[in-house]
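Down below is the structure, laid out as structure tokens.
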Amino acid sequence: MSADQQVADLEQQVATLSAQLETANLAHLDLQNRLRQSEGMISVLSEHTSDMTYIVNRGGHFSFVSPSICKLTDYDLDEILRAEPSAFIHVDDVEMVREAIADAFNEPGTIIPINDHRVRHRDLKWLYFEGSAICMPEESGVEGVVVSCHDVTERKQQEETIYRQANYDTLTGLPNRLMFADRLATALLRGHRERHQVGLLFIDLDGFKKVNDTLGHNAGDDLLKEVAVRLAACVRQDDTIARLGGDEFTVILPNIHGPNDTEVVAKKIIERVREAIYLGESEVYVSASIGITLYPDDSEDQETLIKHADTAMYEAKAAGRRTYKFFTANMNQAAQEKMALESELRSAIERDEFDIRYQPIIDLKTGEITGTEALVRWNHPTRGITSPDVFIPLAEEQGLIVPIGEWVFRQACQMAHNWRETGRHDLQMAINVSPRQCQEPGFEEIVDRILAETQLPPSCITLEITESLFIEGADESAVTALHNRRAKGTLLSLDDFGTGYSSLSYLKRFPVDVLKIDREFVNDVTTAPEDQALCRAVIAMAHAFSLDVVGEGVETIEHARVLRDMGCDRAQGYLISKPLTAQDLDVFLNEWPGISF
Ligand code: C2E
Ligand code: MG
Ligand code: MG
């Protein structure tokens, strides 16, 4: 081959190579472009996605983090890369994530799920993420485990809200009835397994209704919130305080050594709750009545324990409030009897089991009968004649006092009507009404209707109310109803004076016509100087208010004499007569000889 030929060949080869190189270059360029393009896409994607992706190498360090993490957590890329992955994960969740990554390393190519876990945001709140981890095969060129997770914070928050709404009381933030039942079940199970006692306290506030009625529901809500805080301060971390509703709270003491432990908590609660509570401008006081029951001593059954604690709480109320009572078997029997009585009381009206006795009241100056007090009796089918002291409180609790009271009122008015028919125009009929009764919206209409039915002037009737109306009830509607009654001419009498708080200030707020000194004071008026002083003071004070005074429970002629000498206007008691049936009263009125001192 000539030299020229060789040169030409070489040139040809160079040209071909150049062309090939050109093509290769173009292809490379294209590849580079495409690479750049996809890198750009990845970068844009990873920056704008709400997912986070990172790669963890075998040393446990980040080897890549997607820029989206910076956006999600508000940390700089540098800050993240400098730290360990665990620095951003909640301590309680770190182990779970670490395990998932380790599993991924152990099983290359397998997708290992990572359950929801908390990731730290720069402003210290926690975000929830869930996703998966995978160790890429070697040929992929990615060294380490790729973790890819998405943000599920919103979903978790919604779940949390739903959970809170279902299990917690929205007002106080305390566990509600549902959560209480759940916690109690857990506590009992543990108590059973670990052979220890569990204490259950049932708390009911005394005087809450009064705050709610006088200061309004917002004040009532604030009070409950404050009480919740105080209760929480009386127990340990693993005890549960729950609000069952209204002013009812419970405490579960999941691990106690005996009744003493519950007693300590009960005392603490009573002390804390009785302290003044400030609601806006007002300073109010409530107290706590607490019933206590112990697992397994009182019962091993959850429902029964709750019932027992409730029963004991009622005992605490009955014992004068602001105290605690342990459940006892006797209480159980009493509670069962009470329940039976309650259901029998419901049907007692239809069965016509009520009856009225009339107890005469005399004028201490003239010895003449001025009227009677109507006193209800229940002819119980098995118990026989049952005292109102037994069933009136029950009837009040059950709301049955309204129909019973109406029945008594009608009977007594009918009786007063009969008196007038037989020419006894001067006799007054005193009828007991309970606070609950005059609080009832229809109270005034009922009284008006019955008076009209029996053609009685309103002034023939005296309504007897107890001091408790001012203390517990304190319902303005009841006071207004009685005011209206008085304006129409009916007399009002303050019964059992001296047994309640006996504050004279309510005589100003609530004008009455008659004051009845309770028999507790009359009983010892002849022997106890304090009772003598008290009766004398009450009579003087009542007269200063232009009230008539009746001494109750006058059993002896000495009682009558001492009271008369003190200026007491009238007397009622066994000395004159026990309460009588309508028939016996008629005989009594005809034959009453008067009284000689
Ligand atoms: P109260 O209104 O203070 O009635 C006087 C109570 O003292 C009556 O008891 C009467 O029997 C009793 N008593 C009268 N004189 C004497 C005495 O000399 N010595 C003794 N130891 N006791 C005497 P009772 O009938 O058992 O009534 C108890 C309470 O039940 C009444 O006390 C009254 O608060 C209430 N109550 C009675 N009837 C009704 C009613 O129809 N409605 C309402 N809401 N309460 C009633
Ligand atoms: Mg009375
Ligand atoms: Mg009385």
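Both counts, for ligands and for their atoms, begin at 1 and track the order of listing.
Only the side chain of E552 comes within 4.0 Å of ligand 1, counting heavy atoms alone; its backbone N, CA, C and O stay farther away. Residue V376 touches ligand 1 through backbone and side chain together, judged by heavy-atom distances below 4.0 Å. The proximity of S387 to ligand 1, defined as any non-hydrogen pair under 4.0 Å, is limited to the side chain.
Comparing D496, N523, I361, N432 against atom 33 (C) of ligand 1, the shortest heavy-atom distance belongs to N432. If you check each of I356, I392, L375 against atom 10 (C) of ligand 1, the one with the closest non-hydrogen atom is L375.
Counting just the N/O/S atoms of E552, the one with the shortest distance to the Mg ion (ligand 3) is named OE2. When you scan the N, O or S atoms of E464 for the one nearest the Mg ion (ligand 2), you land on OE1. For E373, the N, O or S atom with the smallest separation from the Mg ion (ligand 2) is OE2.
Taking a distance limit of 4.0 Å, we find that atom 25 (O) of ligand 1 is approached by some protein heavy atom.
A side-chain donor from one of Y324 and E263 sits under 3.5 Å from a side-chain acceptor of the other.
At the shortest separation from atom 15 (N) of ligand 1 among protein heavy atoms lies Q359 NE2, 2.9 Å.
At least one heavy atom of R377 sits less than 4.0 Å from an atom of ligand 1. Residue-ligand proximity: R519 is placed with a non-hydrogen atom under 4.0 Å from ligand 1. Proximity of P579 to ligand 1 is established by a heavy-atom distance of less than 4.0 Å. Within the structure, the closest approach of E373 to ligand 1 falls below 4.0 Å when heavy atoms are considered.
Among the atoms of D518, no N, O or S atom falls under 2.8 Å of the Mg ion (ligand 3).
Note: L224 CG to F208 CZ = 4.0 Å, rounded to the nearest 0.5 Å.
A side chain to side chain contact (heavy atoms under 4.5 Å, CB included) with C568 holds for exactly one of V554, V550, V549; it is V549.
Residue P388 has at least one heavy-atom neighbour below 4.0 Å for each of these atoms of ligand 1: 24 (P), 25 (O), 26 (O), 27 (O), 28 (C), 30 (O), 36 (N), 37 (C).
Vertex the Mg ion (ligand 3); arms to D496 OD1 and D495 OD1; angle rounded to 10 degrees, 90°.
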Please tabulate, for side-chain N and O atoms in residues 519-535, each donor-acceptor pair with protein atoms closer than 3.5 Å (sequence neighbours left out).
| from | atom 1 | to | atom 2 | distance (Å) |
| --- | --- | --- | --- | --- |
| T527 | OG1 | D524 | O | 3.4 |
| Q532 | NE2 | V525 | O | 2.8 |

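Formation of a donor-acceptor pair under 3.5 Å by the R230 side chain with backbone atoms of R272 is found in this model.
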